[in-house]
Amino acid sequence: MTDVTAVISQTQVTATVAQSQVTATVERTVLEFSPNQVEGLEAWYDASDTDQLTLDGVKVTQWKDKSGNLRHLTQATDSKKPTYNSANNRVYFYRPDAQCLASADFTINQPLTIYMKVKQFSVNVDVHYVLSGPGMVNRILFYLFSGVVRLNAGASFVGPAIDANPRVITALVNGAASEVLVDAASKTGAAGAYPVRGVMLGGSPPASETDYLRGHIYQVLVYSGIHNAAVQAEIITWLNKK
């Protein structure tokens, strides 16, 4: 009789065949999860992929939309260009210079699921816009204020607390049945019915310098539809590795 041993993805399977032992190794390729494997991806800004960034030195002049929908973010004014931190794969927005990036106008109606990985410079009582739209009316706003995440899509929604560490914000934007999570902490409520009207990161027009973000953005994902808990968990796990 022969013992044949096959090793498949770290699991050992032994079969007795004849009178000598033969060992075979079977290689299996496991594809890494990617956000574009989830249906409904409308916009994706990925600071870990430098191919998506157009840089002037360390200043970001364009942040490309990785979803394939060409909803790129740009900034033409030199002083308002945020900077890229290659060591940590993030874009830094400096509040005193009103730094921001914006797309052209487009509309994505609710329901929506939005993920953002951000790090504010410090927790304070000022308004710091993370995501808004380049249009001036009737658009979704996300901002940090007094240590909490806030969402406004026509109605003010006070979300969970957020500190000055890198955090994943998940927003299920669905009118009166909306939910915002910071990591595992969650709050539900009414956010209004406004859509995404383009994407602006780091500010919100019309805005004074006190309204801009001082902090870092690593990733932004915008999906049409509401994600269930299993899909949320998969995307959040992926974001926490970035």
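Count residues from 1 along the sequence. Nothing here was measured: the structure is a model prediction, and the numbers come from that model. Quick note: numbers below take in every heavy atom, side chains included, and nothing from hydrogens, waters or symmetry partners.
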Taking C-beta and beyond as the side chain, do I108 and P195 meet within less than 4.5 Å on heavy atoms? no
What's the shortest heavy-atom distance between R95 and V127, and which atoms? NH1-O, 2.9 Å
Examine M200 and W63 and state if one hydrophobic cluster contains both, with Ile, Leu, Val, Met, Phe, Trp and Tyr joined whenever side-chain heavy atoms are less than 4.5 Å apart. no
Taking a hydrophobic cluster as the set of Ile, Leu, Val, Met, Phe, Trp and Tyr residues connected by side-chain heavy atoms closer than 4.5 Å, whether directly or through intermediates, do F142 and L213 fall within one such cluster? yes
Looking only at non-hydrogen atoms, find the nearest pair between A185 and P160 and report the distance. O-CG, 3.5 Å
Side-chain heavy-atom pair K187, V180 within 4.5 angstrom cut-off: no
Check step by step if side-chain contact (heavy atoms from CB on, under 4.5 Å) holds for N88 and H216. CA-CA 10 Å; N88 300 104; H216 309 264; over 6 Å; no
How about V60 and K81: do any of their side-chain heavy atoms sit closer than 4.5 Å? no
Closer than 3.5 angstrom, by distance alone: can the side chain of Q110 be matched with the main-chain N or O of G192 as a donor-acceptor pair? yes
Please find the pair of heavy atoms, one from Q99 and one from T83, that lie closest to each other, and give the distance. OE1-N, 4.5 Å
Interatomic distance, D56 atom CG to Q75 atom CD [nearest 0.5 angstrom]: 12.0 Å
I want to check something: taking the side chain as every heavy atom from C-beta on, are D78 and K59 in contact at a cut-off of under 4.5 Å? yes
Would you check if there is a donor-acceptor pair between the side chains of R90 and Y218 at a distance under 3.5 Å? yes
For Y84 and T50: C-alpha separation, side-chain torsions, deciding distance, then whether side-chain contact (heavy atoms from CB on, under 4.5 Å) applies. CA-CA 9 Å; Y84 181 59; T50 54; 3.5 Å; yes
To the nearest 0.5 Å, what is the distance between OG1 (T107) and CG (N138)? 10.0 Å
Just grab all the side chain to side chain donor-acceptor pair (under 3.5 Å) pairs involving residues 171-180, residues at least two apart or on different chains. E179-S186
Contacts of T54 that satisfy side chain to side chain contact (heavy atoms under 4.5 Å, CB included) - sequence neighbours left out: T61, Q62, K64
Candidate list V220, L53, L201, D65, test side-chain contact (heavy atoms from CB on, under 4.5 Å), partner L73, passing option: L201
Are I140 and R197 side-chain neighbours, meaning at least one heavy-atom pair lies under 4.5 Å? no
Determine whether V199 and Y115 fall in the same hydrophobic cluster, where Ile, Leu, Val, Met, Phe, Trp and Tyr are linked whenever their side-chain heavy atoms lie under 4.5 Å apart. no
Answer whether the closest heavy-atom distance between the side chains of L221 and L239 falls below 4.5 Å. yes
Please report the closest heavy-atom contact between D49 and K66, naming both atoms and the distance. OD2-NZ, 3.0 Å
All salt bridge (Lys or Arg N to Asp or Glu O under 4.0 Å) counterparts of R150, not counting sequence neighbours: none
In terms of ring plane angle, is the pair F33 and W238 parallel, tilted or perpendicular, where the classes change at 30° and 60°? perpendicular
Let me see the working for E42 and S67 under side-chain contact (heavy atoms from CB on, under 4.5 Å), right down to the final yes or no. CA-CA 6 Å; E42 298 282 355; S67 73; 6.0 Å; no
Which hydrophobic side chains are connected to Y92, either touching it within the sub-4.5 Å cutoff or through other members that do? Y94, F121
Identify the two heavy atoms, one from S34 and one from W44, that lie closest to each other, and give their separation to 0.1 Å. OG-CH2, 3.7 Å
Expected output: side-chain S132 to main-chain G203 donor-acceptor under 3.5 Å: yes
Find out whether V173 and V196 are in side-chain contact, i.e. whether some heavy atom of one side chain is under 4.5 Å from a heavy atom of the other. no
Could you pull out the closest heavy-atom pair between Q219 and A47, with the gap in Å? NE2-N, 4.1 Å
Could you give the side-chain donor-acceptor pairs of residues 228-236 under 3.5 Å, partners two or more places apart or in another chain?
unit_1	atom_1	unit_2	atom_2	d
N228	OD1	A230	N	3.1
N228	OD1	V231	N	2.9
Q232	NE2	H227	O	2.9

Rounded to the nearest 0.5 Å, the CG atom of L172 sits from the OG1 atom of T188 at a distance of 10.5 Å
Determine, step by step, whether L101 and F93 satisfy the side-chain contact (heavy atoms from CB on, under 4.5 Å) criterion, reporting the C-alpha distance in whole Å, the side-chain angles of both residues, the deciding distance to 0.1 Å, and the verdict. CA-CA 9 Å; L101 294 163; F93 295 80; 4.2 Å; yes
Spell out, yes or no, whether L131 and Y212 are grouped together once hydrophobic residues are joined by side-chain heavy atoms under 4.5 Å, including indirect joins. no
How many angstroms lie between atom CZ of F145 and atom CG of D126, to the nearest 0.5 angstrom? 8.0 Å
According to a hydrophobic-cluster definition based on side-chain heavy atoms being under 4.5 Å apart (Ile, Leu, Val, Met, Phe, Trp, Tyr only), do Y45 and I217 belong together? yes
Gap separating the OG atom of S103 from the CG atom of N69, nearest 0.5 angstrom: 11.5 Å
Starting at CG of D163, measure out to CG of L144 and round the result to the nearest 0.5 Å. 11.0 Å
Set of ring pair (Phe, Tyr, Trp, His ring centres under 6.0 Å) partners for F106, sequence neighbours left out: none
